[in-house]
Amino acid sequence: RVIHLLRQSAPAMSVAVTILAILEAIASLGVLYVIKLMVDTISAEFGASGGSDLQTIFVLLGLVGTVVILSVLLQSMSNISRVRQGLLIL
């Protein structure tokens with residue numbers, strides 16, 4: 001019943017909130033995947049050869065930072081959209 005009320009009162013905002021929630025979930029999974037890649041690279045570099053390919057590690061570290069920032073931005077946008085949707089219902 002609540003979902004029906006939300007869709008009737010603000011259909012465009014309901015779609016936006018849903019899309020942002022899906023993108024937020026994908027970005028969170030992306031953070032986990034990039035961190036896994038970084039851990040795998042570090043353990044492969046230090047475990048096998050004893051040396052380190054710092055360039056690859058730094059690229060992955062930058063990618064982790066970028067994906068985390070994207071995830072936080074999506075989370076903020078999603079929160080703002082939910083608040084705006086709530087205000088439209090009132």
Side-chain angles (χ1 to χ4, degrees):
R1 184 174 179 180
V2 172
I3 294 172
H4 181 67
L5 177 65
L6 288 173
R7 270 192 271 158
Q8 278 186 340
S9 62
M13 197 55 98
S14 297
V15 171
V17 167
T18 303
I19 290 172
L20 284 171
I22 291 169
L23 290 175
E24 185 182 345
I26 292 170
S28 296
L29 290 174
V31 170
L32 292 175
Y33 182 72
V34 174
I35 288 174
K36 178 206 171 293
L37 285 177
M38 190 171 71
V39 168
D40 289 347
T41 302
I42 290 171
S43 40
E45 289 296 324
F46 287 111
S49 63
S52 64
D53 183 15
L54 290 178
Q55 182 179 2
T56 304
I57 294 170
F58 285 137
V59 167
L60 288 172
L61 189 60
L63 189 59
V64 167
T66 303
V67 175
V68 166
I69 290 171
L70 176 67
S71 180
V72 168
L73 286 174
L74 285 170
Q75 189 175 34
S76 297
M77 289 172 55
S78 183
N79 289 337
I80 290 169
S81 296
R82 282 189 211 112
V83 169
R84 289 191 69 191
Q85 184 181 26
L87 291 174
L88 287 174
I89 293 172
L90 297 175

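Values below: every heavy atom of this structure, side chains too, minus hydrogens, waters and symmetry copies.
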Task: Path from Ile42 to Leu37 over hydrophobic side-chain contacts below 4.5 Å - done: yes
Task: Remaining members of the apolar cluster that contains Ile22, side-chain heavy atoms under 4.5 Å - done: Ile26
Check residues 67-80 and write down every donor-acceptor pair under 3.5 Å in which the side-chain atom is one partner and the other belongs to a residue at least two apart or another chain.
| residue | atom | partner | partner atom | Å |
| --- | --- | --- | --- | --- |
| Ser76 | OG | Val72 | O | 3.2 |
| Ser78 | OG | Glu24 | OE1 | 3.4 |
| Ser78 | OG | Arg82 | NH2 | 2.8 |
| Asn79 | OD1 | Arg82 | NH1 | 2.9 |
| Asn79 | ND2 | Gln75 | O | 3.4 |

Task: Sequence neighbours excluded, every pair satisfying salt bridge (Lys or Arg N to Asp or Glu O under 4.0 Å) that has a member inside residues 56-69 - done: none
TODO: Output every pair passing salt bridge (Lys or Arg N to Asp or Glu O under 4.0 Å) with a member in residues 57-66, not counting sequence neighbours, ordered by first then second residue.
DONE: none
- [ ] Go through the structure and list residues passing side-chain contact (heavy atoms from CB on, under 4.5 Å) with Thr56, not counting sequence neighbours.
- [x] Thr41, Asp53, Leu60
Open item on the list: Could you see if Val39 belongs to whatever hydrophobic cluster contains Val64? Use Ile, Leu, Val, Met, Phe, Trp, Tyr and a side-chain cutoff under 4.5 Å.
Closed with: yes
- [ ] Tell me whether Val59 is reachable from Met38 by hopping between hydrophobic residues (I, L, V, M, F, W, Y) whose side-chain heavy atoms are closer than 4.5 Å.
- [x] no
Open item on the list: Rounded at 0.5 Å granularity, tell me how far CG in Leu54 sits from CG in Leu61.
Closed with: 11.0 Å
- [ ] State the CG-CE distance between Leu87 and Met13, to the nearest 0.5 angstrom.
- [x] 9.0 Å
Open item on the list: Hydrophobic cluster membership, with links at side-chain heavy-atom distances under 4.5 Å among I/L/V/M/F/W/Y: are Val15 and Leu23 in one?
Closed with: yes
- [ ] Mind jotting down which residue pairs meet the side-chain hydrogen bond (donor to acceptor under 3.5 Å, both in side chains) criterion with at least one end in residues 27-37? Sequence neighbours excluded, please.
- [x] Lys36-Asp40
